Amino acid sequence: MLRQSFFVLTSGAFPGMIESLTKPSEVICLSEQYSRSINLLRQEGFDRLRQAKVAVFGVGGVGGYVCEALVRSGVRCIDLYDHDDVSLSNLNRQIIALHSTLGQDKVSAMANRLHDIEPEAQIGCHRMFYLPENADEIDLSQYDYVVDAVDTVAAKIELAVRCDALHVPLIAAMGAGNKLDPSKLLIADVYKTSVCPLARAMRTTLRKKGVKRLTVAYSTEEPVQPAVRTEAEDGRRKSIPASMVFVPAAMGLLIASHVVRQLALGEPSGA
């Protein structure tokens, strides 16, 4: 169980002072670290974030920025799912990819980074490819929100079907590769999307499986044709899309904003 901390705003000029933590040093540290977040979300909203449990599937180009933004915003309990290691080809876009992290597994590299931001964060590291074959190993009902940032259609469909059956809020990242313009990003129901080939494929399968609604982040930008087609060797994709930092990072931040606003402020999905 999470250790719950209850925060009370003072009536003074500094809006983030916390009156009910165990140590004076904690009061000063946390009040300053999160004061600007509390000023936007109000105390009640921030407390809801601190008590929420979120799962992020895929901590690469999109998912890494989701994790970073969630923990910087105040989410304290987060589970990470990914099986990849940090590689040279990740350096151009992934927030966990540094020369100092090359070769590390991504969930550990992400957890180390998040603990440096929030030492009290409770981070679960699950080194696995989420697929229909191993989906029963994970109890999705424990989460207040699930983020799908994986890159295989089978995994995305499985998450959507299971979260729908459990009534667990889910937002899924659609294609961020072969794109350059982050201003084309939107959040919508998958059945109201356009242009995105992945969203089109998802719609067809989800309709057959009876899933009537899925919130997604997607781009209306027409995909750029890569100069060279790179064949995938992992068996999960037909080819590897070209990618730079702009769209994956912006999509991750857009998703994190959506999750924070729903958890803290109870905003409708907007999809």
Side-chain angles (χ1 to χ4, degrees), residues 2 52-73 75-87 90 93-97 101 103-115 117-118 121-177 198 202 214-217 232 234-237 240 248-249 251-256 258-260 262-263:
L2 288 174
K53 187 173 185 179
V54 178
V56 179
F57 288 82
V59 296
V62 174
Y65 284 91
V66 173
C67 297
E68 176 100 358
L70 288 178
V71 171
R72 286 188 183 276
S73 298
V75 172
R76 185 171 52 181
C77 191
I78 185 169
D79 280 358
L80 314 176
Y81 294 85
D82 203 306
H83 194 269
D84 280 338
D85 296 327
V86 180
S87 66
N90 302 149
R93 70 196 182 283
Q94 297 191 16
I95 197 163
I96 53 172
T101 62
Q104 295 181 18
D105 65 271
K106 289 185 177 179
V107 290
S108 295
M110 189 79 250
N112 289 337
R113 183 179 177 90
L114 297 179
H115 274 134
I117 296 167
E118 169 54 278
Q122 299 185 23
I123 302 169
C125 293
H126 305 270
R127 197 171 186 217
M128 64 179 291
F129 286 129
Y130 181 86
L131 291 167
E133 293 78 13
N134 59 18
D136 285 336
E137 299 175 13
I138 301 165
D139 177 17
L140 295 173
S141 67
Q142 66 183 295
Y143 298 116
D144 298 293
Y145 223 104
V146 172
V147 176
D148 160 23
V150 298
D151 54 16
T152 54
V153 176
K156 300 178 94 64
I157 294 293
E158 190 69 22
L159 280 171
V161 170
R162 288 177 179 256
C163 285
D164 182 66
L166 294 167
H167 305 291
V168 174
L170 167 70
I171 182 168
M174 296 293 99
L198 177 55
M202 292 279 291
L214 173 63
T215 302
V216 300
D234 55 16
R236 294 177 290 145
R237 298 169 290 179
I240 299 174
M251 182 179 284
L253 295 176
L254 183 65
I255 289 171
H258 182 84
V259 172
V260 166
Q262 286 214 289
L263 288 174

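Predicted model, so just to flag it, every value in this text is computed and none were measured.
- Scanning all heavy atoms of the two residues, the minimum distance from Cys67 to Met110 falls at CB-SD, 4.0 Å.
- Between Ser141 and Leu166, the shortest heavy-atom contact is N-CD1, 3.9 Å.
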message: Run the side chain to side chain contact (heavy atoms under 4.5 Å, CB included) test on Leu131 and Glu158 for me, step by step, so that the C-alpha distance in whole Å, both residues' side-chain angles and the decisive distance to 0.1 Å come before the verdict.
response: CA-CA 7 Å; Leu131 291 167; Glu158 190 69 22; over 6 Å; no
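- Separating the NZ atom in Lys53 from the CD1 atom in Ile78 is a distance of 11.5 Å, to the nearest 0.5 Å.
- Counting only heavy atoms from C-beta outward, the side chains of Thr215 and His258 approach each other to under 4.5 Å.
- Each side-chain hydrogen bond (donor to acceptor under 3.5 Å, both in side chains) pair with one or both residues in residues 123-133, not counting sequence neighbours, appears once here: Asp85-Arg127.
- What you find for Val62 and Ala173 is that their closest heavy atoms are CG1-CB, 4.0 Å.
- Atom CG of Leu140 sits about 12.0 Å away from atom CG of Asp164, to the nearest 0.5 Å.
- Listed by chain and residue number, nothing satisfies the salt bridge (Lys or Arg N to Asp or Glu O under 4.0 Å) test with Lys106 (two or more places apart in sequence, or in another chain).
- What you find for Gly252 and Val66 is that their closest heavy atoms are O-CG2, 3.4 Å.
- Minimum heavy-atom separation, Gln94 to Gly60: OE1-CA, 3.4 Å.
- Residues Gln142 and Asp79 form a side-chain contact, since some pair of their non-hydrogen atoms from C-beta on lies under 4.5 Å apart.
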- prompt: After noting the C-alpha distance and the side-chain angles of Arg113 and Val71, does the key distance pass the side chain to side chain contact (heavy atoms under 4.5 Å, CB included) rule?
  reply: CA-CA 10 Å; Arg113 183 179 177 90; Val71 171; over 6 Å; no
- request: For the pair Met128 and Ile138, evaluate side chain to side chain contact (heavy atoms under 4.5 Å, CB included) and give the outcome as yes or no after the intermediate values.
  value: CA-CA 11 Å; Met128 64 179 291; Ile138 301 165; 3.7 Å; yes
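- With rounding to the nearest 0.5 Å, the separation of CD1 in Ile96 from CG in Leu80 is 9.0 Å.
- Residue Tyr145 holds its OH atom at 7.5 Å from CG of Leu170, rounded to the nearest 0.5 Å.
- In this structure, the side chain of Asp144 does not engage the main chain of Val54 through any donor-acceptor pair within 3.5 Å.
- Of the candidates Leu254, Ile95, Leu70, Tyr65 forms a side chain to side chain contact (heavy atoms under 4.5 Å, CB included) with just one, namely Ile95.
- The closest donor-acceptor contact from the side chain of Asn90 to the backbone of Ser87 lies under 3.5 Å.
- Rounding to the nearest 0.5 Å places SG of Cys163 at 12.0 Å from CD1 of Ile171.
- Partners of His83 under the ring-ring contact (aromatic ring centres under 6.0 Å, His included) rule, at least two apart in sequence or in another chain, are Phe129.
- Ion pair Glu118/Arg76 not flagged as a salt bridge, since none of the NZ, NE, NH1 or NH2 atoms sits closer than 4.0 Å to an Asp/Glu carboxylate oxygen.
- Distance check: Met251 CE to Met174 CE gives 8.0 Å after rounding to the nearest 0.5 Å.
- Contact detail for Leu214 and Ala172: the closest heavy-atom pair is CD2-CB, 4.3 Å.
- Ring geometry for Tyr81 against Tyr143 counts as perpendicular: the plane angle is over 60°, on a 0 to 90° scale with 30° as the lower cut.
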